[in-house]
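In what follows, residues are counted from 1 in the order of the sequence shown. Side chains included, hydrogens not; waters and symmetry mates left out as well; all remaining heavy atoms used.
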Amino acid sequence: MALIPFDDRDGTIWLNGELLPWRDAKTHTLSHGLHYASLVFEGERVYSGSIFKGREHTERLRNSCHIMDFDIPLSDDEVDAAKMAVVEANGITDGYVRAFCWRGSEMMAVSAQNTSTHVAIAAWEWPSYFDPETKMQGITLDVADWKRPSPESAPVHAKAAGLYMICTLSKHAAEKKGFTDALMLDYRGYIAEATGANIFFVDDEGTLHTPIADCFLDGITRRTVMQLAESLQMKVVQRHLTLDDVAGMKECFLTGTAAEVTPVSKIGDASFTPGEISRQLVDGYEDLVRGRISL
């Protein structure tokens with residue numbers, strides 16, 4: 001299937017207070033956000049016309065801005081209203097919302113004290129991130145060469161564009177080897193996350209184990225799935241994990257706004273069997289986002 005480029009589509013994008021035709025939503029090539037990665041963003045899902053946990057995403061977007069030393073020139077209510085305006089203008093029932101903020105073009109140097117902050121929001125129809133036909137069979141992960149940096153080396157708790165450079169490189173390398181995605185370790189050698197999703201493991205007793213989010217993003221979906229698991233009487237343990245620790249685990253799955261809950265069948269040479277725990281959480285998360293259950 002031919003790719004539809006994201007700069008040449010029908011639809012509407014919100015840019016700095018205006019709803020513009022999709023192709024007219026542009027910024028200058030000499031933007032600080034483009035040249036120095038001073039850009040933060042959120043990925044959000046629309047289910048049945050509503051944005052799931054939209055306010056939490058707005059709050060995290062603002063926090064990412066603060067970590068990057070700028071701010072959104074809008075209130076949270078205004079951001080939420082703009083997101084819904086974009087969803088409605090594009091007629092999205094089930095899809096994806098991308099809200100993002102970046103420094104403008106007033107200064108083209110490392111220092112950017114006097115740049116303006118730009119805000120844009122786009123939305124498009126988007127089905128499951130991974131092929132639903134093969135989802136419960138589990139995806140495969142390579143072990144990436146790149147490591148998640150120390151909090152002393154990068155703004156690791158911001159959802160910032162620059163932090164995804166090593167994710168792109170890791171995913172490309174994994175795909176070239178025939179894997180779906182890559183598992184990233186952190187600077188200490190502990191398991192961190194996949195390139196765009198958090199990770200969980202299930203042991204023989206049905207206990208969930210997930211890495212401590214001390215040098216990578218504590219995902220909104222991650223927290224939601226932990227709440228969901230606990231509501232299903234599953235025990236959840238957050239701890240440092242190594243590849244040796246998880247070699248004997250029975251199940252593994254990823255969580256993220258795009259990935260939702262996606263089982264994993266292989267990490268390098270280690271194999272997992274997507275089973276009842278993964279299925280309960282896949283189905284439970286679907287029920288939750290569709291409003292059929294609540295936490």
Side-chain angles (χ1 to χ4, degrees), residues 2-44 46 51 54 57-92 95-126 149 153-172 195-196 217 257-258:
L3 291 175
I4 303 174
F6 274 90
D7 61 351
D8 188 18
R9 297 185 174 207
D10 296 328
T12 301
I13 290 176
W14 191 97
L15 176 61
N16 294 329
E18 294 183 85
L19 285 170
L20 299 176
W22 192 287
R23 295 173 182 83
D24 294 342
K26 299 176 182 179
T27 190
H28 199 276
T29 55
L30 291 177
S31 163
H32 199 275
L34 177 62
H35 289 260
Y36 293 93
S38 53
L39 182 149
V40 298
F41 68 97
E42 283 295 312
E44 311 175 38
V46 181
I51 300 172
H57 282 285
T58 296
E59 291 171 348
R60 189 171 68 178
L61 181 68
R62 188 177 300 281
N63 184 58
S64 293
C65 286
H66 288 167
I67 292 171
M68 297 291 287
D69 197 31
F70 60 100
D71 197 8
I72 308 173
L74 301 162
S75 69
D76 288 351
D77 286 343
E78 289 172 321
V79 174
D80 289 347
K83 289 191 292 189
M84 282 309 304
V86 173
V87 169
E88 292 167 2
N90 288 285
I92 305 295
Y96 185 83
V97 175
R98 176 61 64 100
F100 50 109
C101 308
W102 70 98
R103 289 191 176 98
S105 303
E106 291 85 357
M107 300 178 70
M108 189 48 55
V110 172
S111 177
Q113 300 282 7
N114 297 318
T115 51
S116 58
T117 299
H118 296 271
V119 183
I121 303 165
W124 56 90
E125 296 284 350
W126 199 16
S153 302
V156 297
H157 297 299
K159 195 170 177 67
L163 295 172
Y164 284 80
M165 290 186 294
I166 58 175
C167 299
T168 297
L169 293 171
S170 297
K171 190 170 177 70
H172 283 185
T195 60
L217 207 62
T257 296

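- For His32 and Ser38, the side-chain atoms include at least one donor-acceptor pair closer than 3.5 Å.
- No side-chain heavy atom of Ile121 sits less than 4.5 Å from a side-chain heavy atom of Met84.
- Between Val86 and Ile13 the shortest side-chain heavy-atom distance does not fall below 4.5 Å.
- Contact check for Glu44 versus Lys83: side-chain heavy atoms found under the 4.5 Å cut-off.
- Side-chain contact between Ile92 and Trp126 is absent, with no heavy atoms from C-beta onward closer than 4.5 Å.
- In this structure, a donor-acceptor pair under 3.5 Å is absent between the side chains of Asn90 and Thr12.
- At distances below 3.5 Å, at least one donor-acceptor pair connects side-chain atoms of Asn16 with backbone N or O atoms of Val119.
- Side chain of Arg62 to backbone of Thr58: no donor-acceptor contact under 3.5 angstrom is found.
- The side-chain heavy atoms of Thr117 and Ile72, taken from C-beta on, include no pair separated by under 4.5 Å.
- The shortest side-chain heavy-atom distance between Arg98 and Phe41 falls under the 4.5 Å cut-off.
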For residues 154-167, which side-chain N or O atoms pair as donor and acceptor with protein atoms under 3.5 Å away, sequence neighbours left out?
unit_1, atom_1, unit_2, atom_2, d
Lys159, NZ, Tyr164, OH, 2.8

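- When ring centroids are compared, Trp124 and Phe6 come within the 6.0 Å threshold.
- For the pair Thr115 (side chain) and Ala112 (backbone), a donor-acceptor distance under 3.5 Å is present.
- One N or O on the side chain of Ser64 and one on the backbone of Arg60 form a donor-acceptor pair closer than 3.5 Å.
- Inter-residue side-chain proximity for Met108 and Leu30 is flagged as met; some heavy-atom pair is nearer than 4.5 Å.
- Looking at heavy atoms from C-beta onward, Glu42 lies out of side-chain contact with Thr257 at the 4.5 angstrom threshold.
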